[in-house]
Amino acid sequence: MNRMLLISGALCIMSAVLNPAFAEDLNGRSESTPAAVRNSSDAANEAAVWSLDPDGAEPAPLQNTGERRRRRFLVGVAIGGAVPTDADGYEPGVHVDALQLAFLFNRYVGIQTTMALGAYGDEYKSAGLIGAWIGPLFSVPLNRSGKVNLELYPAIGFAQGVVGDYTTENDFSMRLGAGFRFHAGRTVYFTLGGHYIYGQPGSYDLSYLGIIAGIGFNF
């Protein structure tokens with residue numbers, strides 16, 4: 001009986017020696033669990049470091065909220081129609097915002113200035129205003145992304161009137177406007193709005209209503 005036990009033990013030892021795959025399988029099983037854990041941890045860490053770009057699906061390094069620079073400076077132009085409020089035979093004309101500048105202190109309040117001109121009438125009778133205005137800008141986001149905003153922009157300034165061939169001196173003027181700003185991307189936006197421009201330079205009532213659409217860039 002002892003001889004049979006010795007022979008069986010020797011056969012087991014020889015089987016282990018002659019079949020190294022058995023030993024490798026044991027080693028692989030012992031190392032598989034820690035490797036899987038490490039791979040899972042590495043993947044989780046990598047996912048935490050990367051995030052989607054705000055304007056698309058491109059991966060970008062995740063930054064702290066304080067490091068994200070808010071684009072507050074707005075520059076734009078606009079064009080539209082001008083309808084004189086003085087019904088003295090003037091035909092509707094055109095209004096041009098040659099330059100719109102604004103700076104937002106936060107998402108809701110800023111300051112804005114505009115240089116513009118409006119002309120109306122026909123070949124027999126024409127008039128218009130050329131002026132510049134400055135005032136506060138009130139902006140109300142209409143969705144969570146802040147890409148659509150309702151804006152109010154009252155302003156005061158000076159305007160020069162043109163009546164036929166006569167040009168008046170600069171005089172006090174006022175502009176009351178409201179509209180929408182639509183962001184189409186990170187830097188481009190479109191505007192649609194209306195305004196009332198008050199001006200009586202040289203005792204001429206050259207006030208008019210305007211509806212304008214424009215394009216701008218924010219930095």
Side-chain angles (χ1 to χ4, degrees), residues 47-83 93-120 128-160 170 172-199 207-219:
V49 173
W50 294 84
S51 66
L52 291 180
D53 187 273
D55 296 324
E58 292 292 333
L62 183 64
Q63 297 179 342
N64 294 331
T65 303
E67 296 176 357
R68 294 177 180 174
R69 182 171 61 90
R70 185 184 299 275
R71 298 174 181 270
R72 299 182 176 183
F73 190 58
L74 309 176
V75 181
V77 295
I79 188 171
V83 180
V94 63
H95 173 91
V96 177
D97 277 358
L99 181 62
Q100 301 170 330
L101 299 176
F103 182 80
L104 294 171
F105 303 120
N106 51 49
R107 295 186 66 184
Y108 308 101
V109 180
I111 188 171
Q112 51 84 23
T113 182
T114 304
M115 288 175 278
L117 60 92
Y120 43 84
L129 280 175
I130 302 174
W133 303 265
I134 186 171
L137 171 63
F138 303 103
S139 181
V140 181
L142 298 182
N143 58 358
R144 294 183 61 184
S145 65
K147 290 187 175 183
V148 181
N149 297 266
L150 172 64
E151 295 185 330
L152 304 175
Y153 38 91
I156 58 174
F158 292 91
Q160 188 177 43
N170 285 326
F172 172 79
S173 181
M174 181 174 57
R175 174 172 173 161
L176 303 174
F180 297 94
R181 174 161 46 94
F182 309 91
H183 284 270
R186 183 171 292 185
T187 58
V188 179
Y189 65 88
F190 298 95
T191 57
L192 178 65
H195 56 247
Y196 168 72
I197 294 181
Y198 166 83
S207 306
Y208 64 91
L209 299 171
I211 298 177
I212 56 174
I215 186 174
F217 304 89
N218 60 319
F219 304 94

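Shown here are the side chain to side chain donor-acceptor pair (under 3.5 Å) partners of Tyr120, two or more places apart in sequence or in another chain: there are none. Residues that satisfy the side-chain contact (heavy atoms from CB on, under 4.5 Å) test with Val77, not counting sequence neighbours, are Ile215. Evaluation of the side-chain contact (heavy atoms from CB on, under 4.5 Å) rule for Ile211 yields no partner, not counting sequence neighbours. With sequence neighbours left out, Gln112 forms a side chain to side chain donor-acceptor pair (under 3.5 Å) with no residue at all. By the side chain to side chain donor-acceptor pair (under 3.5 Å) test, Glu151 pairs with Arg181, sequence neighbours left out. With sequence neighbours left out, Thr114 forms a side chain to side chain donor-acceptor pair (under 3.5 Å) with no residue at all. The side-chain contact (heavy atoms from CB on, under 4.5 Å) check on Phe103 picks up Arg72, Phe73, Phe105, Ile111, with sequence neighbours excluded.
The nearest pair of heavy atoms linking Leu137 to Ala102 is CD2-CB, 4.0 Å. Contact record, Ala132 with Met115: CB-CG, 3.9 Å, taken as the closest heavy-atom pair. The heavy-atom pair separating Gly135 from Ala155 by the smallest distance is N-CB, 3.9 Å. When every heavy atom of Asn106 is checked against every heavy atom of Val109, the shortest pair comes out as OD1-N, 2.9 Å. Of all non-hydrogen atoms in Gly179 and Tyr153, the two that sit nearest each other are N-CE2, 4.1 Å.
Side-chain contact between Ile212 and Ile79 is absent, with no heavy atoms from C-beta onward closer than 4.5 Å. No side-chain heavy atom of Leu176 sits under 4.5 Å from any side-chain heavy atom of Leu152. In this structure the side chain of Phe217 reaches within 4.5 angstrom of the side chain of Val188, judged on heavy atoms. Inter-residue side-chain proximity for Asn149 and Tyr189 is flagged as unmet; no heavy-atom pair is nearer than 4.5 Å. A 4.5 Å side-chain heavy-atom check between Ile197 and Ser173 finds at least one atom pair inside the cut-off.
The stretch residues 207-219 participates, sequence neighbours left out, in these side-chain hydrogen bond (donor to acceptor under 3.5 Å, both in side chains) pairs: His95-Tyr208, Asp205-Ser207. For residues 95-104, the pairs satisfying salt bridge (charged side-chain N to carboxylate O under 4.0 Å, His left out) are Asp97-Arg175, with sequence neighbours left out. Listed by first and then second residue, the salt bridge (charged side-chain N to carboxylate O under 4.0 Å, His left out) pairs that reach into residues 130-143 come to none, sequence neighbours excluded.
Expressed to the nearest 0.5 Å, how far CH2 of Trp133 lies from OG1 of Thr113 amounts to 9.5 Å. Once rounded to the nearest 0.5 Å, the distance linking NE2 of His183 with CG of Asn143 reads 10.0 Å.
More than 12 non-hydrogen atoms from other residues, nucleotides or ligands lie less than 6.0 angstrom from CG of Leu192.
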